[in-house]
Amino acid sequence: MAAFKERVFSGVQPTGNLHLGNYLGAIARFVPLQEKYDCIYCVVDMHAITMPPSVWGGPQELKRQIREVTAAFLAAGIDPKRHIVFNQSQVSEHAELAWICNCIARIGWLNRMTQFKEKAGKDRENASVGLYSYPTLMAADILVYRATHVPVGEDQKQHLELTRDVAQKFNNDFAESIAACGFGEAFFPLAEPLIQGPAMRIMSLRDGTKKMSKSDPSDNSRINLTDDADTIAQKIRKAKTDPEPLPSEEKGLEGRPEADNLVGIFAALKGVSRTDVLREFGGGQFSVFKAALIDLAVDRLGPLGAEMKRLVDDPAHIDAVLSDGADRARAIARPVMDAVKDITGFVRRG
Ligand code: AQP
């Protein structure tokens with residue numbers, strides 16, 4: 001495989017309250033990557049509208065949520081001057097390349113996507129075409145920057161594999177043209193997922209077998225990044241557990257999804273391993289562990305939520321960050337899209 005400039009891309013949908021899963025599985029992990037890579041962090045608003053407006057709240061709510069996700073990026077420590085922060089719909093090359101990706105991906109590949117099955121539910125005939133082709137838009141998001149690394153939660157692993165399949169098939173189908181256009185053996189890199197750590201799949205506080213999700217009807221199932229200290233404490237106190245004390249070793253968490261989840265959350269918030277957490281709390285009652293978890297969560301999330309609120313109160317500043325980011329994103333995406341057109345055989349204005 002040819003050498004590609006290393007670049008990180010990841011996105012978050014503005015579809016509702018950002019929660020601890022989005023934070024630990026994605027946003028918090030975006031921050032340290034800034035030291036090693038050029039990073040592009042995107043509010044993927046075109047993905048948001050794959051569900052009906054009743055789900056994401058309509059036009060005014062979408063605007064508010066785009067700004068809120070941007071505020072979460074900034075409050076978490078993403079630097080929009082050194083890196084790129086923008087919303088997807090401002091860079092039309094995403095949609096343009098998505099069409100090419102639609103023509104490369106096979107229907108059989110999309111039929112295997114579990115997220116579509118979960119989100120479409122029983123009424124599949126009534127799901128939008130956009131929801132079905134969500135993974136090809138995600139492939140375009142990544143490929144239009146020829147990104148090499150993608151930090152995501154475990155739930156997005158299958159979509160990332162599809163992105164690699166699209167890249168590989170494009171490279172194969174157009175191999176001669178890619179070489180003739182001067183790009184050597186491969187035009188698109190096969191992006192590596194960055195999925196590791198104790199919190200790649202944060203589960204619901206009400207049911208340790210379901211992932212924590214914005215769309216769960218129960219607000220007690222998740223900790224929102226804008227929850228205040230009392231709400232965080234109340235939700236953790238109410239979190240489902242089992243009657244046994246915490247085990248002293250990690251294998252004792254097997255078959256205990258709620259205990260495993262809370263230990264994983266503690267480990268991720270504190271930046272230690274599950275083993276370290278069990279060394280400290282193993283053999284003890286949940287009430288003691290939960291009290292420590294409340295202190296830790298309030299300590300970590302309190303300042304983040306406060307900074308998000310401060311930033312959201314200045315929409316002009318957020319909008320300026322997004323349009324500056326979009327200009328810099330387009331400066332990368334446009335030449336890639338032009339090269340894709342040349343490789344594909346479209347005639348374009350010189
Ligand atoms: N529970 C989770 N644990 C770890 N990581 C998670 N992510 C989402 N939920 C968890 C990661 O957050 C990033 C942004 O997610 P998204 O908003 O773009 O999409 P999503 O996965 O659809 O988020 P939700 O909350 O689950 O929304 P709904 O309810 O609409 O489906 C991604 O990197 C994702 O892996």
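Every number for a ligand or one of its atoms is a count from 1 in the order of the listing. All values below come from the heavy atoms of this structure, side chains included, with hydrogens, waters and symmetry mates left out.
Ion pairing between Lys240 and Asp207 fails under the 4.0 Å rule for side-chain N and carboxylate O. A salt bridge links Arg334 with Glu93: the distance from a Lys NZ or Arg NE/NH1/NH2 to an Asp or Glu carboxylate oxygen falls below 4.0 Å. Under 4.0 Å is where a charged nitrogen must lie from a carboxylate oxygen, and between Lys157 and Glu154 no such pair does. The pair Arg164-Glu161 fails the salt-bridge criterion, with no side-chain N (NZ, NE, NH1 or NH2) lying under 4.0 Å from an Asp/Glu carboxylate O. The existence of a salt bridge linking Arg201 and Asp155 is excluded, since no basic side-chain nitrogen approaches an acidic carboxylate oxygen closer than 4.0 Å. A salt bridge links Lys341 to Glu96: at least one charged side-chain nitrogen sits closer than 4.0 Å to a carboxylate oxygen. Using a 4.0 Å cut-off between a side-chain N of Lys or Arg and a carboxylate O of Asp or Glu, Arg328 and Asp324 qualify as a salt bridge.
Among protein heavy atoms, atom 18 (O) of ligand 1 sits closest to Gln13 N, 3.1 Å. Shortest contact from atom 3 (N) of ligand 1 to any protein heavy atom: Ile202 N, 2.8 Å. Scanning the protein for heavy atoms near atom 35 (O) of ligand 1, the closest one is Asp155 OD1, 2.5 Å. What sits closest to atom 26 (O) of ligand 1 on the protein, heavy atoms only, is Lys211 NZ, 2.7 Å. If you check which protein heavy atom lies closest to atom 5 (N) of ligand 1, you get Gly21 O, 3.2 Å. Counting only heavy atoms of the protein, atom 22 (O) of ligand 1 lies nearest to Lys119 NZ, 3.3 Å.
Of all atoms in ligand 1, listed by their number and element, those nearer than 4.0 Å to a heavy atom of Asn22 are 7 (N), 8 (C), 9 (N), 12 (O), 14 (C), 15 (O), 17 (O), 23 (O), 25 (O). Distances below 4.0 Å separate heavy atoms of Ala26 from the following atoms of ligand 1: 12 (O), 13 (C), 33 (O). Residue Met200 approaches ligand 1 through these ligand atoms, each under 4.0 Å from one of its heavy atoms: 3 (N), 4 (C), 5 (N). Interface atoms of ligand 1 facing Gly25, defined by a heavy-atom separation under 4.0 Å, are 4 (C), 5 (N). In summary, the atoms of ligand 1 found under 4.0 Å from a heavy atom of Lys214, numbered by their order in the structure, are 16 (P), 17 (O), 23 (O), 24 (P), 25 (O), 27 (O), 29 (O). Of all atoms in ligand 1, numbered sequentially from 1 with element shown, those under 4.0 Å from a heavy atom of Ser215 are 28 (P), 29 (O), 30 (O). Every atom of ligand 1 is numbered from 1 in the order shown, and the set under 4.0 Å from a heavy atom of Gly153 is 5 (N), 33 (O), 34 (C), 35 (O).
Lys309 meets the side-chain hydrogen bond (donor to acceptor under 3.5 Å, both in side chains) test with no other residue; sequence neighbours excluded.
Met51 does not count as a contact of ligand 1, since none of its heavy atoms falls under 4.0 Å from the ligand. Under a 4.0 Å heavy-atom criterion, His47 is not in contact with ligand 1.
Residues Tyr145 and Val44 do not share a hydrophobic cluster, defined by chaining ILVMFWY side chains whose heavy atoms lie under 4.5 Å apart.
Taking only nitrogen or oxygen atoms, main chain and side chain alike, Asp216 does not reach within less than 3.5 Å of ligand 1. Residue His19 has at least one nitrogen or oxygen atom sitting less than 3.5 Å from a nitrogen or oxygen atom of ligand 1, judged on distance alone. Residue-to-ligand polar distances keep Glu154 apart from ligand 1: every N/O pair is separated by 3.5 Å or more. Residue contacts with ligand 1: Ser213 is placed with a nitrogen or oxygen under 3.5 Å of a nitrogen or oxygen of the ligand (distance criterion only).
Residues Lys214 and Asn22 are in side-chain contact: their nearest non-hydrogen atoms beyond the backbone lie under 4.5 Å apart.
Using modelled atom types, one side-chain atom of Gln34 and one backbone atom of Val31 make a donor-acceptor pair closer than 3.5 Å.
Counting heavy atoms under 4.0 Å from ligand 1, residue Val152 touches it through both backbone and side chain. Under 4.0 angstrom from ligand 1, the non-hydrogen atoms of Arg201 all belong to its backbone.
Geometrically, Arg7 does not engage Tyr37 in a cation-pi contact, judged by NZ or CZ lying under 6.0 Å from the ring centre and within 45° of the ring axis.
Cluster partners of Met46, using a side-chain heavy-atom cutoff of under 4.5 Å among ILVMFWY residues and allowing indirect links, are Leu137.
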